[in-house]
Protein chains: 4
Amino acid sequence: MYFRKKANSIFSKFFNLELEKQERILNASMKEFAQKGFKNASTNEIVKEADIAKGMLFHYFNNKKDLFLFLYDYSLEALEEEFFGKIDLQERDLLKRWRQLALLKIDVIAKYPEMFRFIMAANFENDGKVKNELQNRNKDFITSSYAMIYDNIDHSKWRNDIDIKRAMDIINWTIEGFGVRQQEKTKLPSFSEFNCDEIMAEMDRYLELFRNCFYKQQEDASSQ
Amino acid sequence: MYFRKKANSIFSKFFNLELEKQERILNASMKEFAQKGFKNASTNEIVKEADIAKGMLFHYFNNKKDLFLFLYDYSLEALEEEFFGKIDLQERDLLKRWRQLALLKIDVIAKYPEMFRFIMAANFENDGKVKNELQNRNKDFITSSYAMIYDNIDHSKWRNDIDIKRAMDIINWTIEGFGVRQQEKTKLPSFSEFNCDEIMAEMDRYLELFRNCFYKQQEDASSQ
Amino acid sequence: MYFRKKANSIFSKFFNLELEKQERILNASMKEFAQKGFKNASTNEIVKEADIAKGMLFHYFNNKKDLFLFLYDYSLEALEEEFFGKIDLQERDLLKRWRQLALLKIDVIAKYPEMFRFIMAANFENDGKVKNELQNRNKDFITSSYAMIYDNIDHSKWRNDIDIKRAMDIINWTIEGFGVRQQEKTKLPSFSEFNCDEIMAEMDRYLELFRNCFYKQQEDASSQ
Amino acid sequence: MYFRKKANSIFSKFFNLELEKQERILNASMKEFAQKGFKNASTNEIVKEADIAKGMLFHYFNNKKDLFLFLYDYSLEALEEEFFGKIDLQERDLLKRWRQLALLKIDVIAKYPEMFRFIMAANFENDGKVKNELQNRNKDFITSSYAMIYDNIDHSKWRNDIDIKRAMDIINWTIEGFGVRQQEKTKLPSFSEFNCDEIMAEMDRYLELFRNCFYKQQEDASSQ
DNA sequence: AATGAATGAGGCTTCATTCAT
DNA sequence: AATGAATGAAGCCTCATTCAT
């Protein structure tokens with residue numbers, strides 16, 4: 001992991017802290033940035049929430065921008081490990097592969113909710129001070145993500161009259177939209193807890209719909 | 001229009017201005033808010049761009065928050081008129097109705113680019129000071145929008161084995177994603193000008209794909 | 001006066017203040033900068049001393065650096081007027097011309113002590129943020145000052161065996177050193193008030209010594 | 001040496017360090033103070049450059065001010081040794097004695113450049129925290145320096161009509177001004193290296209001018 | 001109504017000094 | 001003795017809002 005090595009030297013002051021304090025700082029920072037965006041996030045609030053002295057944030061991370069980018073790199077690397085390390089590239093059915101990813105995503109959100117929300121928010125970040133550097137990092141990430149997801153897919157199952165490129169767009173947008181909808185449900189006052197099985201069951205209905213529309217229909221009933 | 005009445009009493013100081021000055025203020029404010037978000041938007045920049053005295057902004061709108069929400073209400077009402085007033089509810093084919101909406105949207109962007117950008121940006125607004133009030137307004141808007149779009153749709157054309165509710169979700173997300181993609185294209189350095197015909201041709205390919213998947217396939221070739 | 005025109009447009013906010021407040025700000029700023037140098041000068045102290053609100057300094061001058069350079073330009077222009085406007089270029093005797101300058105300088109110090117101290121201190125300023133811009137301004141000033149002082153000097157009175165260039169250096173350094181010594185006297189606890197006549201009498205002794213050494217000695221006694 | 005004794009007791013923690021570390025600390029401190037002045041000098045930079053732990057600086061020297069004054073006393077004592085120990089008081093010709101001092105000064109700059117630059121900078125120090133104490137130390141130093149330089153001078157060579165006290169002032173100021181000019185030359189981009197012979201040759205031209213003006217002129221040509 | 005100066009809280013950041021280990 | 005994390009006051013600057021004119 002290139003970043004982790006770099007981070008350990010540049011941010012060694014941070015990584016030498018006791019883990020519990022590291023986590024307090026990470027959570028407080030990500031929460032503040034996720035809620036308010038880069039510019040509106042207050043380092044004062046972060047140190048208050050993390051319960052550290054005013055100067056320490058700058059002792060560990062130099063400045064607000066470096067803190068933000070550190071969090072981004074740190075999160076991206078953690079997420080990459082979760083995703084890329086665990087996806088089964090032997091599965092050549094695109095819809096099944098997406099299903100895997102959805103499961104992984106649910107895991108990640110459950111395991112690192114702060115981090116996930118931070119990364120999502122960072123991708124909408126517009127502030128000139130960090131936008132460029134985020135885009136550079138993101139370009140690579142998205143390119144390699146899509147490359148991986150679509151790598152070695154078996155197209156033989158697909159209906160011949162389907163425009164595969166656009167069908168894939170539709171699948172992407174649907175899964176993204178589905179994710180956003182789930183996310184929004186968690187913000188409702190009626191939300192109590194994350195029910196993974198229910199979400200996956202719902203997800204499967206969309207995937208089934210795609211299978212039903214985009215794949216060749218077999219005569220026998222053993223469709224899935 | 002409920003809002004316009006309310007606005008005329010609360011914001012009568014603003015509406016009593018000469019129209020040209022009203023427009024300068026609207027454009028300057030929307031531009032600043034769209035570019036920088038609620039908190040980072042500078043009232044200084046707004047008055048400079050609108051060429052009015054600093055105090056007047058607060059004389060007309062009380063404070064920054066009220067200005068922002070006024071702009072939101074004002075824009076939403078204007079867009080509603082454009083959309084809801086012009087859509088042909090006689091068209092009972094959902095895909096054709098979406099096509100209408102896409103065309104209307106392109107018109108709106110061309111006619112009121114500042115306003116459109118402002119509304120888009122406002123929907124991503126996260127600042128605590130305005131978020132709640134925006135969500136309240138938006139819930140109503142989205143509810144009534146969807147009600148209208150899906151009102152009196154002819155379901156007889158659809159394949160019986162298709163889960164119509166979810167298929168509609170897919171269509172929504174696709175059209176939204178498609179819109180975002182077009183939006184992003186305008187930010188590329190290679191972007192020169194908005195080519196409506198090209199965009200609609202591309203949009204039609206997605207709609208055609210949906211028709212091909214979700215609708216009953218007729219034996220004769222007169223599909224569309 | 002080029003600067004004054006520029007200043008009136010850029011710093012119009014400042015120049016539109018009532019004169020008494022302008023002066024409070026000028027004096028407080030020059031005093032603080034003269035005492036502590038650019039970096040160590042505290043804008044907090046300045047506003048406290050000038051009895052204005054925290055934000056006003058930045059409203060008038062944008063930032064600390066611009067304030068400093070404004071003061072420098074403002075002072076230099078004021079001093080230039082005092083010096084260059086009043087020196088008698090018909091006087092072709094270098095020592096008499098220096099005598100004029102000494103008198104003018106004493107006037108200036110008496111009239112604008114804060115300003116004089118500020119300019120003196122600014123010429124020792126080392127801070128990277130302002131050093132370059134100071135040097136640019138100063139180069140022109142010093143070049144034109146020396147050009148004026150040594151312009152059209154009558155060399156016929158000088159001993160032929162004297163290296164005039166180096167003799168002039170000696171005169172410069174002596175007058176500068178003499179000035180510093182007077183300045184330091186004002187800082188002593190025993191100092192009560194500026195006695196111009198006494199200072200000029202003392203100055204004359206040095207000039208007389210130079211006349212005695214560098215000029216041809218006439219046989220009759222009417223030396224001066 | 002009074003100071004060394006005092007220092008050995010107060011700063012014994014420092015003097016008990018290995019010499020190499022002592023020197024690292026001295027050089028780093030003097031360099032930082034000379035470059036940035038008392039207040040702007042950063043103890044962080046000093047410890048980084050000296051490669052010691054932050055706390056040690058305060059362990060050895062109590063605080064920044066004490067460190068600065070220690071360096072000043074230490075340097076002054078070292079310079080005194082260089083100057084006062086080596087000057088030949090048998091030479092009773094003032095101009096020749098000044099020549100000796102100039103040579104010694106050049107030696108000192110070459111031998112202890114850091115220290116020389118520090119002392120020069122310290123003499124322009126204006127910060128309230130150290131100014132008073134510096135002035136006290138300096139008064140004694142300058143008084144005793146001048147006493148020594150002018151001690152036992154042979155006045156018989158001087159023209160009777162010359163005001164010796166003021167002539168000596170002129171010589172002082174000239175030599176000081178000459179030194180400053182040489183110093184400034186080293187800062188020019190065109191400066192490559194210190195040419196001692198050239199500098200002394202130039203210095204001699206000024207001394208010769210003084211001899212020519214202030215001393216009785218002998219009839220034979222063996223002037224020097 | 002119109003102007004823009006005035007206010008002061010809060011923003012990020014630096015830094016000498018202390019202190020637990 | 002040695003380390004460097006911790007502290008918090010003070011630094012410059014921004015900005016929504018108020019208010020005298």
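Proteins come first, then strands; the chains are lettered A, B, ... in the order of their sequence lines, and each starts at number 1. Bear in mind that the values here come from a model prediction, so they are computed numbers and not experimental data.
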Asks: Could you tell me which residues satisfy salt bridge (Lys or Arg N to Asp or Glu O under 4.0 Å) with A:Lys65, sequence neighbours excluded, listed by chain and number?
Replies: A:Glu133

Asks: Mind calculating the distance between CD (C:Glu18) and C1' (E:dA5) to the nearest angstrom?
Replies: 11 Å

Asks: So, using side-chain contact (heavy atoms from CB on, under 4.5 Å) as the criterion, who are the partners of C:Thr43 when residues are at least two apart?
Replies: C:Leu57, C:Phe58, C:Lys64

Asks: Of A:Ile52 and D:Asp51, whose nearest nucleotide on DNA chain F comes first from the 5' end?
Replies: D:Asp51

Asks: Could I get the full list of side-chain contact (heavy atoms from CB on, under 4.5 Å) partners for B:Phe14, not counting sequence neighbours?
Replies: B:Phe11, B:Leu17, B:Gln22, B:Ile25, B:Leu26, B:Tyr60, B:Phe61, B:Phe70

Asks: Which nucleotides of nucleotides 13-21 of chain F have their base under 4.0 Å from a protein heavy atom (B), which only their sugar-phosphate (S), and which neither (-), written as one string 5' to 3'?
Replies: BB-BBB---

Asks: List in numerical order all residues of residues 27-35 of chain D for which some heavy atom is under 4.0 Å away from an atom belonging to DNA chain E.
Replies: none

Asks: Using atom CD1 of D:Ile46 as one end and atom P of F:dG4 as the other, report the distance to the nearest whole Å.
Replies: 17 Å

Asks: Within the pair D:Tyr60 and F:dA1, is there a side-chain N or O less than 4.0 Å away from OP1 or OP2?
Replies: no

Asks: Partners of A:Glu45 by salt bridge (Lys or Arg N to Asp or Glu O under 4.0 Å), sequence neighbours excluded?
Replies: A:Lys48

Asks: According to ring-ring contact (aromatic ring centres under 6.0 Å, His included), who are the partners of D:Phe68, at least two apart in sequence or on a separate chain?
Replies: D:Phe33, D:Phe38, D:Phe118

Asks: Checking C:Glu49 now: which residues fulfil side chain to side chain donor-acceptor pair (under 3.5 Å) with it, not counting sequence neighbours?
Replies: C:Lys31

Asks: If I take atom CZ in residue A:Phe61 and atom P in nucleotide E:dC12, what distance separates them, rounded to the nearest angstrom?
Replies: 15 Å

Asks: For DNA chain F, what is the dot-bracket line, given that a base pair needs Watson-Crick (N1 to N3, plus N6-O4 or O6-N4) or G-U wobble (N1-O2 and O6-N3) geometry with both distances under 3.5 Å, and | means paired with another strand?
Replies: .||||||||||||||||||||

Asks: Return the set of residues passing side chain to side chain donor-acceptor pair (under 3.5 Å) with C:Glu18 (not counting sequence neighbours), or none when no residue passes.
Replies: none

Asks: Which residues satisfy the side chain to side chain donor-acceptor pair (under 3.5 Å) test with A:Asn126, sequence neighbours excluded?
Replies: A:Lys131

Asks: For B:Asn40, which residues count as a side-chain contact (heavy atoms from CB on, under 4.5 Å) partner, sequence neighbours excluded?
Replies: A:Lys39, A:Asn40, B:Lys36

Asks: Looking at A:Leu134 and A:Ala122, what are the two nearest heavy atoms and their distance?
Replies: CD1-O, 3.5 Å

Asks: For C:Phe15 and E:dA5, what is the distance between atoms CZ and P respectively, to the nearest whole Å?
Replies: 14 Å

Asks: For C:Asn16 and for A:Glu45, locate the closest nucleotide of DNA chain E by heavy-atom distance; then report the residue assigned to the nucleotide nearer the 5' terminus.
Replies: C:Asn16

Asks: Would one find more than 12 heavy atoms of other residues, nucleotides or ligands at under 6.0 Å from atom CD of D:Gln35?
Replies: yes

Asks: Check every atom of E:dA2, F:dA5, F:dA2 against the side chain of D:Lys21 and return the nucleotide holding the closest atom.
Replies: F:dA2

Asks: Mind checking if A:Leu17 touches a base, just sugar-phosphate, or nothing, with heavy atoms under 4.0 Å?
Replies: sugar-phosphate

Asks: Return the value, rounded to whole Å, for the distance between atom CG of D:Leu57 and atom C1' of E:dC15.
Replies: 13 Å

